Number of protein chains: 2
Amino acid sequence: MSNNESMEMYLETVYLLENDHGHSHVVDIAKTLGVSKPSVTKAIKQLKDLGYVHTEKYGTITLTDKGREVSREIYENHRLIELFLQHSLDLPADEASYNACKMEHVISEKMLAAIRNYMEKNSIEVKSEFEKENETDIQNKL
Amino acid sequence: MSNNESMEMYLETVYLLENDHGHSHVVDIAKTLGVSKPSVTKAIKQLKDLGYVHTEKYGTITLTDKGREVSREIYENHRLIELFLQHSLDLPADEASYNACKMEHVISEKMLAAIRNYMEKNSIEVKSEFEKENETDIQNKL
DNA sequence: TGAAAATGTTAGCCTAGACTAACTTTTATA
DNA sequence: TATAAAAGTTAGTCTAGGCTAACATTTTCA
């Protein structure tokens, strides 16, 4: 799973949708990511083969425990990077989120560790959006 | 040309090789990027079609004025990001370079501007490696 | 409740960007 | 200087990750 931008985006989207609605649907994932339904079906099949999601034919998609763990980590890294960009570069929220989305799939473990260290030193608390409030615009989180 | 990681890497490599030796060869590009010679031939053909390089059959590869301008900008952005990572996160040079290499192809113009602003505020001078010294290990610059 | 709309799937196509095998041309050297 | 080695090219293959068209299933609601 490491270092696969496309799959990480699908997994992260499933995670966000599930946090909002308890499960996700092909059509919602397609809309969120701006891809076609068949692309989603194909990707979800791969996530299933990897043991990250459970699906029922013509039914809903839910994360397995493993999938939830991995996707939570992906999303938390996204948040971490996002807050780092806001704090260090004073980027507005939307720009920070956009760039975090691009960066999260490519930067090294050491750089992530360095960002965590930076946040700690500057006493910046990194908490999930979900702990803060009830948002519904998932696109803003990707 | 915008936002094409692969082509940007080829162009940047041509730029670095040319700065070191006055021109570049398929085989050197292949070694630097860790790809096969046919992959380089194909990529260079595309760069030629875009007007970025000049080639002679079975001969050397050189940048056009346009190509030099674009590749210098790519490389300078790489350096900018690299120094930002070193300064803000205290990343060692090799880690900073590695992550700059990944980030340079994906981050937004606004984020680049914010980094420039950061460097200025902190009085960090961004100069090319070439102005500093005579290095030959190009891999370290990518 | 049955037909239309929405949703999900399958099959097949396309492109980018890698690769190997085999060939051509150039360079180096015995 | 002839030939082996090195460098470059061409042709064809593969994979990932998109897409559309067509079909299957489920849901909605008149």
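In this text the structure is predicted, and so the values were computed from the model without any measurement. Letters A, B, ... are given to chains in the order of the sequence lines, protein chains preceding strands, and every chain is numbered from 1.
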Selection from dA11(C), dC19(C), dG8(C) that lies nearest to any side-chain heavy atom of Pro38(A): dA11(C)
According to ring pair (Phe, Tyr, Trp, His ring centres under 6.0 Å), who are the partners of His105(A), at least two apart in sequence or on a separate chain? none
Looking for any heavy atom pair under 4.0 Å, which part of the strands does Thr41(A) touch: base, sugar-phosphate only, or nothing? base
Send over the distance from Ile61(B) CD1 to dT26(C) C1', rounded to a whole Å. 15 Å
Hey, are Glu18(A) and Thr62(A) close enough side-chain-wise for a donor-acceptor pair under 3.5 Å? no
For dC19(D), take OP1 and OP2 only and decide whether either is under 4.0 Å from a side-chain N or O of Ser39(A). yes
Rounded distance (Å) that lies between atom P of dA22(D) and atom NZ of Lys37(A): 15 Å
Can you check whether Lys57(A) has a side-chain N or O nearer than 4.0 Å to OP1 or OP2 of dT10(C)? yes
In whole angstroms, how far is the P atom of dA16(D) from the CG atom of Asn4(A)? 9 Å
Does the separation of the ring centres of His23(A) and His25(A) fall below 6.0 angstrom? yes
Measure the distance from NE2 on His21(A) to P on dT7(C) and round it to the nearest whole Å. 13 Å
For atom CG of Asp28(A) and atom C1' of dG8(C), their distance in whole Å: 12 Å
Passing option when Leu63(A) is tested against Asn19(A), Val14(A), Leu17(A) for side chain to side chain contact (heavy atoms under 4.5 Å, CB included): Val14(A)
If you only use heavy atoms from C-beta on, which nucleotide in dG17(D), dG18(D), dT7(C) is closest to the side chain of Tyr10(A)? dG18(D)
State which of dG17(C), dG17(D), dA24(D) makes the closest approach to the side chain of Gln46(B). dG17(C)
Check the distance between dG8(C)'s C1' and Lys48(A)'s NZ and give it to me in whole angstrom. 13 Å
To the nearest Å, give me how far apart CD1 (Ile44(A)) and C1' (dT10(C)) are. 16 Å
Measure from the side-chain heavy atoms of Ser36(A) and tell me the nearest of dT25(D), dT26(C), dT20(D). dT20(D)
Under 4.0 angstrom, heavy atoms only, what part of the nucleic acid is Ser6(A) near: base, sugar-phosphate, or nothing? sugar-phosphate
Using the closest heavy atom to pick a nucleotide of DNA chain D for each, name whichever of Lys42(B) or Glu5(A) lands nearer the 5' end. Lys42(B)
Below 4.0 angstrom, N of the basic side chain to O of the carboxylate: do Glu69(B) and Lys66(B) qualify? no
What is the separation between atom CG on Leu47(B) and atom C1' on dA16(C), rounded to the nearest whole Å? 14 Å
Please compare Ala43(A) and Lys45(B) by the position of their nearest nucleotide in DNA chain D and report the one closer to 5'. Lys45(B)
